[in-house]
Chemist: 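Following this message is one structure expressed as structure tokens.
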Amino acid sequence: MDVLKEIRTEIDSVDGELIKLFAKRLALVKKVGEVKHQHGLPIYVPEREADMLAARRQEAEKIGVPADLIEDVLRRFMRESYTSENHFGFKTVNPDIKKIVVVGGNGKLGGLFVRFLGLSGYTVEILGRQDWQRAEHILANTDVVIVCVPIANTLDTIKRLQPYLTPNMLLTDLTSVKRQPLQKMLEVHHGAVVGLHPMFGPDVASMAKQVIVRCDGRYPERYQWLLEQMAIWGAKIYQVEAAEHDHSMTYIQALRHFSTFANGLHLSKQPVKLANLLALSSPIYRLELAMIGRLFAQDGGLYADIILDKPENLAVIESLKDSYVESLKFFETGDKQGFIDTFNQVSQWFGEYSDLFMKESRQLLQQANDHRQHD
Ligand code: NAD
């Protein structure tokens with residue numbers, strides 16, 4: 001036992017050294033943040049990240065430290081530094097912009113953009129639900145109008161903006177659906193227009209590596225600076241046609257939110273207690289519960305609007321029923337072989353992504369287990 005005590009004391013002391021080294025590394029990263037801020041460099045540089053990780057993995061392996069362990073630690077460091085780099089603010093890519101108005105800027109996602117635009121040195125004003133009487137004043141001398149109101153209010157809000165829009169303004173929106181808002185913006189405004197969809201929620205600590213979808217509207221040369229600004233925040237911008245975006249969202253959002261909702265609803269009707277399920281859960285079940293529970297911690301209105309957006313969503317959701325019935329039939333009829341054959345067909349459909357997903361999810365599961373606490 002004394003031996004164990006001695007070793008533990010030594011471990012404590014090594015941990016102390018590690019903490020000091022962590023502090024030193026964080027201080028260096030802070031300096032990088034300052035330099036990046038001064039020179040307007042993006043906070044996320046994929047090549048630098050990949051090169052650094054590859055080099056550290058090699059060094060670690062040479063002295064018998066598992067490469068994955070070092071990569072995990074360094075990735076966690078990087079996340080910390082991306083978040084802390086926000087504190088320095090960002091370069092103002094377009095200093096000619098006098099004012100940006102975020103319509104709905106008091107809300108969750110609008111608030112995030114108000115903060116990031118403010119951190120980038122722009123003058124930002126909010127036009128909230130109660131502010132329309134002062135709209136003329138708020139929108140005077142504005143160069144950019146960003147619409148970020150609930151989906152159900154978006155088309156009306158864009159229309160309502162029409163009398164205040166001048167040809168040199170840039171009109172954009174952050175709505176989770178793109179075809180109709182983009183169409184409406186092009187209809188009411190004759191200046192520059194672009195549709196944007198941030199593929200993340202308002203609770204992100206940093207925009208590093210987050211995706212923002214861009215649907216071009218009119219005069220793209222007039223909004224390149226805004227895309228550049230978001231790239232400096234660390235976001236990756238993907239350009240797609242609005243119709244293609246909405247088609248993909250049928251699966252990425254509508255179908256997923258629906259099935260998550262249905263799973264949560266079904267579970268809530270079962271004679272079980274969540275606490276008991278959690279106590280017995282495997283890491284993957286815990287993660288799955290977290291993903292379901294996360295939905296119900298958010299705004300039902302947003303999800304209803306996403307699902308209701310277009311008939312295609314309901315058609316795909318409706319066909320989910322067929323897959324349930326088909327899947328259940330294997331078991332009702334005891335058709336084990338039928339199930340296995342279909343299982344293998346689906347597995348082939350996933351193809352090489354199966355291995356990738358296995359690897360990615362393994363890391364997530366390990367993390368979920370790391371955070372688990374037993375009494
Ligand atoms: P929210 O309800 O938190 O915010 C909306 C804000 O708009 C509120 O402050 C509300 O008072 C205001 N508002 C409503 N009608 C208005 C009007 N006519 N004029 C001015 N302001 C008005 O909603 P949110 O989650 O921030 O979503 C806003 C938009 O962002 C939606 O279009 C949504 O699709 C999109 N979006 C949200 C998320 C997310 O995870 N929350 C992610 C991507 C995109």
Side-chain angles (χ1 to χ4, degrees), residues 66-69 71-72 75 199-201 209 211 238 240 244-298 303-304 306-374:
D68 284 349
L69 170 62
E71 181 166 340
D72 270 4
R75 281 198 186 282
M199 296 304 301
F200 46 85
K209 303 186 184 185
V211 168
Y238 278 101
V240 288
E244 190 190 333
H245 165 277
D246 285 8
H247 175 64
S248 299
M249 289 311 137
T250 296
Y251 299 89
I252 297 173
Q253 299 203 309
L255 180 62
R256 181 172 59 86
H257 296 325
F258 176 87
S259 46
T260 307
F261 171 78
N263 275 329
L265 172 68
H266 186 247
L267 196 58
S268 72
K269 291 180 176 174
Q270 303 304 307
V272 285
K273 283 211 172 83
L274 205 47
N276 295 350
L277 292 182
L278 272 177
L280 301 182
S281 67
S282 57
I284 195 153
Y285 188 62
R286 198 186 167 90
L287 259 189
E288 210 163 297
L289 276 182
M291 291 305 142
I292 298 173
R294 191 185 151 79
L295 182 94
F296 293 94
Q298 297 174 69
Y303 294 115
I306 288 175
I307 294 170
L308 281 168
D309 174 52
K310 56 189 181 308
E312 182 192 349
N313 293 353
L314 290 194
V316 172
I317 288 169
E318 182 75 26
S319 68
L320 182 64
K321 271 203 272 187
D322 303 338
S323 300
Y324 259 96
V325 171
E326 186 187 336
S327 309
L328 195 58
K329 205 154 242 148
F330 296 125
F331 299 95
E332 285 169 343
T333 58
D335 183 9
K336 182 175 169 184
Q337 196 51 49
F339 171 77
I340 293 171
D341 292 344
T342 310
F343 186 100
N344 291 337
Q345 279 165 22
V346 180
S347 172
Q348 267 181 11
W349 183 82
F350 273 95
E352 58 195 28
Y353 286 101
S354 295
D355 286 341
L356 181 72
F357 291 155
M358 193 73 190
K359 190 169 167 241
E360 272 183 19
S361 59
R362 191 178 302 130
Q363 277 171 352
L364 285 175
L365 293 176
Q366 279 164 353
Q367 253 182 19
N369 211 32
D370 288 346
H371 285 281
R372 187 172 187 159
Q373 279 191 339
H374 292 290

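What's counted below: heavy atoms across the whole structure, side chains too, no hydrogens, waters or symmetry copies. Remember, it's a predicted structure, so these values are computed and weren't measured experimentally. Numbers here simply count residues along the sequence, with the first being 1.
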Chemist: Is there a side-chain contact (heavy atoms from CB on, under 4.5 Å) between E312 and M249? Walk through the geometry before answering.
Modeler: CA-CA 10 Å; E312 182 192 349; M249 289 311 137; over 6 Å; no

Chemist: Run the numbers on Q337 and D341 for side-chain hydrogen bond (donor to acceptor under 3.5 Å, both in side chains), then give the verdict.
Modeler: CA-CA 6 Å; Q337 196 51 49; D341 292 344; 3.0 Å; yes

Chemist: Taking the side chain as everything from C-beta on, heavy atoms only, tell me whether I340 gets closer than 4.5 Å to K336.
Modeler: yes

Chemist: Does anything in residues 309-338 form a ring-ring contact (aromatic ring centres under 6.0 Å, His included)? List the pairs, not counting sequence neighbours.
Modeler: F331-F339

Chemist: Within a strict 4.5 Å, meaning less than it, do heavy atoms of the R286 and L278 side chains meet?
Modeler: yes

Chemist: Are there over 12 heavy-atom neighbours, none belonging to F296, within less than 6.0 Å of that residue's CZ?
Modeler: yes

Chemist: As an exercise, state the distance from OG of S323 to CG of L328, rounded to the nearest 0.5 Å.
Modeler: 12.0 Å

Chemist: Could you give me the CA-CA distance, side-chain angles and deciding distance for L295 and M291, then say whether side-chain contact (heavy atoms from CB on, under 4.5 Å) is met?
Modeler: CA-CA 7 Å; L295 182 94; M291 291 305 142; over 6 Å; no

Chemist: Any side-chain heavy-atom pair from E360 and L356 closer than 4.5 angstrom?
Modeler: yes

Chemist: Between E318 and L314, does the side-chain contact (heavy atoms from CB on, under 4.5 Å) criterion hold? Intermediate values first, please.
Modeler: CA-CA 6 Å; E318 182 75 26; L314 290 194; 5.9 Å; no

Chemist: Could you measure the distance from the NE2 atom of H266 to the OG atom of S259? Nearest 0.5 Å is fine.
Modeler: 13.5 Å

Chemist: So do R362 and Q367 actually touch side chain to side chain, heavy atoms under 4.5 Å?
Modeler: no

Chemist: Should L289 and L267 count as side-chain neighbours, where that means a heavy-atom distance under 4.5 Å?
Modeler: yes

Chemist: Quick one: CD on E326 to OG1 on T342, what's the gap to the nearest 0.5 Å?
Modeler: 6.0 Å

Chemist: So R256 and Y251, do their side chains get closer than 4.5 Å, heavy atoms only?
Modeler: no

Chemist: Counting N and O atoms only, with roles assigned by atom type, does the side chain of N369 sit under 3.5 Å from a partner on the main chain of L365, one being a donor and the other an acceptor?
Modeler: no

Chemist: Counting distance only, does the side-chain N/O of Q363 pair as donor-acceptor with the main-chain N or O of K359 below 3.5 Å?
Modeler: no

Chemist: Kindly list each side-chain donor-acceptor pair under 3.5 angstrom involving residues 347-355, sequence neighbours excluded, with atom names and distances?
Modeler:
| residue | atom | partner | partner atom | Å |
| --- | --- | --- | --- | --- |
| S354 | OG | G351 | O | 3.2 |

Chemist: Can you find a heavy atom in the side chain of T250 that is under 4.5 Å from one in the side chain of K310?
Modeler: yes

Chemist: To the nearest 0.5 angstrom, please state how far the OG1 atom of T260 sits from the CG atom of L265.
Modeler: 12.5 Å

Chemist: Is there side-chain contact between F200 and V211, with at least one heavy-atom pair below 4.5 Å?
Modeler: no

Chemist: Would you compute the distance between atom OG of S281 and atom CG of N276 and round it to the nearest 0.5 angstrom?
Modeler: 11.0 Å

Chemist: So, does N313 use its side chain to make a donor-acceptor pair with the main chain of I306 at under 3.5 Å?
Modeler: yes

Chemist: Once you round to the nearest 0.5 Å, how far does CE of M199 lie from OH of Y238?
Modeler: 12.0 Å

